[in-house]
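Bear in mind the structure is a predicted one, so any value in this text is a computation, not a measurement. Numbering of ligands and ligand atoms starts at 1, following listing order.
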Amino acid sequence: MIKNKFIVVEGLEGAGKTHACICIKNILNQCNIKNILLVRQPGSTPIAEEIRKLTKKNFNNDYLTKETELLLMYAARIQLVKKIIKPALDSGKWVISDRHNLSSLAYQGGGLGIKKNIITQLQTLFFQNLIPDLTIYLDVSPEIGLERAKKRNTLDQIEKRSLQFFKKTRKSYLKNIKKNKNTIIINANSKINIVTHNITKKILNWINKKII
Ligand code: Z5A
């Protein structure tokens, strides 16, 4: 028996997070863990999905300031955690979230240059008691990740930012992930079947360690 867990998947665009979330859900299912909820950030509630659209939209004569963008990410996260994630965890469900706090540290902190202590204060203020049991960071180079994202659809306002922005975002991810507890880092530059194989191996290993 394993107690239900909160799992977070992080990485740049095109890292393969969506694919990884489904892959983790399948592995858990094979281990007879069926009660699983998949969510994405920002999003996964009607209000948070509207905030998501707002952060991706092109406003011709206006733009989101970096502080507004940060607070919108947190508004969406609070909405999702309070309304969906916490109740699900309290009722014994497993939750897999495509992105969480580390995204804000990487994008709004590393990428846009907001001071880390401002972001960690928001984290402490709203999510002190919600620490992921496992974070999987899919490490992809910005060049490869953006190339994959471009192939899939037209780029939104965040995806259109400079390569330099994504380089700073990745640097911040790598710095913060090293300090993060319970983390698995996967090289996501490889072919999808190799990435899937590595995720499967590491997740099974992690589950085996949790069995009591
Ligand atoms: N954001 C923020 O700034 N601050 C925050 O606090 C939060 C978010 C929470 C969310 O938009 C945006 O919000 C995101 C960060 C910001 N902005 N940007 N840019 P999103 O959900 O649209 O973006 P995303 O989270 O990066 O999703 P994504 O682009 O879909 O990436 P992904 O989920 O990691 O990748 P995927 O959908 O699994 O794969 C993308 C494509 O690549 C797809 O066609 C796959 O088949 C292909 N792929 C995946 N892996 C491979 C490998 N290994 N080889 C070849 N092809 C692959």
Side-chain angles (χ1 to χ4, degrees), residues 8-26 38-45 48-58 63-81 85 96-114 116 118-120 122-123 126-127 132 135-170 172-173 176 186-200:
V8 170
V9 180
E10 289 279 0
L12 293 180
E13 22 290 302
K17 295 178 299 302
T18 312
H19 171 75
C21 288
I22 297 165
C23 171
I24 295 164
K25 186 172 187 264
N26 292 338
L38 277 181
V39 292
R40 67 174 181 179
Q41 296 191 31
S44 292
T45 83
E49 284 293 329
E50 286 304 311
I51 297 175
R52 180 185 177 89
K53 282 186 207 152
L54 202 59
T55 61
K56 287 172 172 275
K57 192 172 162 184
N58 175 13
Y63 65 93
L64 294 175
T65 69
K66 57 187 177 185
E67 292 82 6
T68 310
E69 188 174 290
L70 174 70
L71 292 178
L72 284 175
M73 295 299 174
Y74 270 90
R77 184 165 301 137
I78 292 165
Q79 199 68 20
L80 175 63
V81 168
I85 296 183
I96 304 172
S97 181
D98 186 334
R99 298 189 178 280
H100 192 53
N101 280 317
L102 270 180
S103 286
S104 301
L105 273 177
Y107 284 79
Q108 284 66 49
L112 294 180
I114 295 182
K116 188 176 173 180
I118 295 177
I119 304 175
T120 48
L122 288 171
Q123 282 177 25
F126 297 111
F127 308 114
T135 300
I136 295 165
Y137 172 61
L138 299 172
D139 185 42
V140 73
S141 81
E143 290 88 347
I144 294 180
L146 288 172
E147 204 45 52
R148 289 179 192 159
K150 263 186 219 157
K151 272 192 203 149
R152 200 188 31 182
N153 51 25
T154 52
L155 301 182
D156 63 45
Q157 285 311 104
I158 299 181
E159 288 166 338
K160 277 184 194 156
R161 287 179 184 156
S162 67
L163 188 61
Q164 197 52 30
F165 168 84
F166 290 102
K167 284 187 174 169
K168 285 193 275 179
T169 303
R170 183 192 191 196
S172 167
Y173 258 135
N176 289 309
I186 304 271
N187 178 355
N189 295 310
S190 324
K191 285 188 179 154
I192 203 151
N193 57 332
I194 297 174
V195 176
T196 308
H197 172 79
N198 289 335
I199 293 172
T200 308

Residue, atom name and distance, where the atom is the protein heavy atom closest to atom 45 (C) of ligand 1: I192 CD1, 4.8 Å
Polar atom proximity, V195 to ligand 1 (N or O, under 3.5 Å): no
Salt bridge K150-E13, side-chain N to carboxylate O under 4.0 Å: no
Ring geometry between F166 and Y107 (parallel below 30°, tilted from 30 to 60°, perpendicular above 60°): perpendicular
E69 N/O under 3.5 Å from ligand 1 N/O: no
For atom 30 (O) of ligand 1, the protein heavy atom that lies nearest, with its residue and separation: R152 NH1, 2.5 Å
Protein contact of atom 31 (O) of ligand 1 - nearest heavy atom, named by residue and atom, plus distance: G14 N, 3.1 Å
Nearest-contact summary for atom 2 (C) of ligand 1 - protein heavy atom, Å: M73 CE, 3.4 Å
No-hydrogen, no-angle side-chain donor-acceptor test under 3.5 Å, R77 and S104: yes
Enumerated ligand 1 atoms positioned under 4.0 Å from heavy atoms of S104: 5 (C), 6 (O)
Enumerated ligand 1 atoms positioned under 4.0 Å from heavy atoms of H19: 38 (O)
Part of S190 with heavy atoms under 4.0 Å of ligand 1, whether side chain, backbone, both or neither: backbone
Residue, atom name and distance, where the atom is the protein heavy atom closest to atom 35 (O) of ligand 1: G16 N, 3.3 Å
Pairwise side-chain contact, K66 with L70, heavy-atom cut-off 4.5 Å (strictly under): no
Heavy-atom proximity to atom 54 (N) of ligand 1, best of R148, R161, K17, K160: R148
Location of contacts on E13 toward ligand 1, heavy atoms closer than 4.0 Å: both
Side-chain touch D139/R170, heavy atoms, less than 4.5 angstrom: yes
N/O separation below 3.5 Å, D98 to ligand 1: no
Pick from K151, E147, R52: the one approaching atom 20 (P) of ligand 1 most closely through a non-hydrogen atom: R52
Interfacing atoms of ligand 1 (cut-off 4.0 Å, heavy-atom, K191): 53 (N)
Side chains of Q157 and L64 in contact at under 4.5 Å (non-hydrogen atoms): no
Beyond-backbone contact of S103 with M73, side-chain heavy atoms, under 4.5 angstrom: no
Neighbour count >12 (heavy atoms, 6.0 Å) for atom NZ, K56: yes
Which residue and heavy atom of the protein sit nearest atom 3 (O) of ligand 1, plus the separation: Q108 NE2, 2.9 Å
Proximity flag P42 to ligand 1, non-hydrogen atoms under 4.0 Å: yes
For ligand 1, the portion of K56 having any non-hydrogen atom under 4.0 Å away: side chain
Interatomic distance, L138 atom CG to Y173 atom OH [nearest 0.5 angstrom]: 9.5 Å
Short side-chain donor-acceptor distance under 3.5 Å, E10 and T135: no
Any donor-acceptor N or O pair under 3.5 Å, side chains N58, K160: no
Sub-3.5 Å N/O-N/O distance, A149 and ligand 1: no
Part of R99 within contact of ligand 1 (heavy atoms, under 4.0 Å): side chain
Within reach of ligand 1, part of R77 (heavy-atom separation under 4.0 Å): side chain
Heteroatom proximity flag, T18 to ligand 1, N/O under 3.5 Å: yes
Sub-4.5 Å side-chain heavy-atom contact between Q41 and I85: yes
Side-chain heavy atoms of I119 within contact of Y74, under 4.5 Å: yes
